[in-house]
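Here's the structure, in structure tokens; my notes come after.
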Amino acid sequence: VSVGILMWRQPPKHKEWKGPGTTAHFYEILLGRCYTYTQIVRPELRHTDCQKIGKAFTSAFLSKDPCGSTEQDYRPLMELTTQTVPCDKTLFWSKSSELAHDYTWVQRDMYTLEDTLLGYMADGLKWCGDAGSSEMNYQSCPHWREDCSNNSVSVFWNTVSKRFAEDACGVVHVVLNGSISNTFDEKSTFGRVEVFNLHPEKVHTLKAWVMNNIESVPSDSCSSSSVNNLKQILKTRNITFVCQNNYRPVRLIQCVKNPEHSSCRYNL
Ligand code: N1C
């Protein structure tokens, strides 16, 4: 009769969610990336206090309900990490993360959010805490759709994306994916947050580069209805819209991975 007790499962330590849990070794990765970025990638930032930034980051979500995350939670972190991107050098992207980052890796003077400290630190990671514990939840975190949209990760990206857009000046660029139906998606971070947080007094033009996947049939994506929607939104915001299909320098990046494709060969 007493053997049954051995079979009882431990009660869960944290609340259980539908999404994957905090990335293993989250804090170490965060700190390591902070040091890599400030000591090696941008040595002009070598006096940055990464310990302080790491603590401000985790304080934003530990011991809190991961479905009740707010911009204010990330305020202390934001105040520790002001970084200026030169005018004309901001690159936004939507559904084109890999291509945009491959491009800035080569075109070193252009910056995506992941080429700034906070974006670099958080890129690809998952994190959440729990109201009833001071530890991270490595078992599960809220799923954006199935649990809550104001989860600790989504609120972070909304907050940093907003500031990234507010800080932009001159001509800004965006890489859009012309191989999907919603080339401009009003519900994406770019469409929801960044477009509406550009300051028209500082940003006079937005240039969209609509890129088709090499393997897909060329389409005239700049004239699609979703891109036209972006054009209309910018018009009401007094920002000039310019659009280019398959902007050649970015197409050449795609061609490095697919050199034999007909669109990458010289047409003699
Ligand atoms: O929703 P999206 O694209 O339009 O977001 C991209 C847009 C970029 O211009 C960035 O400045 O918003 C910013 N951004 C990130 O930099 C970022 N890195 C990682 C927004 N989201 C980011 N992530 C994660 O990818 C995050 O979890 C978010 O939900 C996705 C968005 O990718 P998307 O739909 O392709």
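Every heavy atom of this structure was used, including side-chain atoms; hydrogens, water molecules and symmetry mates were not. Counting starts at 1 for both ligands and their atoms, in listed order.
A single hydrophobic cluster is not seen to contain both M211 and I180; linkage of ILVMFWY side chains at heavy-atom distances under 4.5 Å, directly or through other members, places them apart.
Note that atom 13 (C) of ligand 1 has protein non-hydrogen atoms nearby, at separations under 4.0 angstrom. The protein does not reach atom 29 (O) of ligand 1 closely, with no heavy atom under 4.0 angstrom from it.
With hydrogens left out, the protein atom closest to atom 34 (O) of ligand 1 is K95 NZ, 2.7 Å, a heavy atom. Among protein heavy atoms, the minimum distance from atom 4 (O) of ligand 1 is reached at S94 OG, 2.7 Å. Among all non-hydrogen protein atoms, the one lying nearest atom 9 (O) of ligand 1 is E194 OE1, 2.7 Å. For atom 1 (O) of ligand 1, the closest non-hydrogen atom on the protein side is T189 N, 2.8 Å.
Here atom 23 (N) of ligand 1 lies nearest to W157 when heavy atoms of Y111, W157, W144, F190 are compared. For atom 8 (C) of ligand 1, the nearest non-hydrogen atom from the set W93, F92, F156 belongs to W93. For atom 15 (C) of ligand 1, the nearest non-hydrogen atom from the set E114, K126, R192, K162 comes from E114.
Remark: the S216 side chain and the S179 side chain contain an N/O donor-acceptor pair separated by less than 3.5 Å. Residues T112 and H101 have side chains that bring a donor and an acceptor to within less than 3.5 angstrom of each other.
Using a 4.0 Å cut-off between charged side-chain N and carboxylate O, K13 and E135 make a salt bridge. With salt bridges taken as basic N to acidic carboxylate O contacts below 4.0 Å, one links K89 and D109. We find that R163 and E194 are not joined by a salt bridge, their nearest charged nitrogen and carboxylate oxygen being 4.0 Å or further apart.
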Decide yes or no on side chain to side chain contact (heavy atoms under 4.5 Å, CB included) for L117 and I53, but give the supporting numbers first. CA-CA 10 Å; L117 177 60; I53 292 174; 3.9 Å; yes
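Among the atoms of F164, none of the N or O lies under 3.5 angstrom from an N or O of ligand 1. Between S96 and ligand 1, not a single N/O pair is under 3.5 Å apart.
The part of S161 lying near ligand 1 is the side chain, judged by heavy-atom distances below 4.0 Å.
Ring geometry, W127 versus F61: the interplanar angle falls from 30° to 60°, so the pair is classed tilted.
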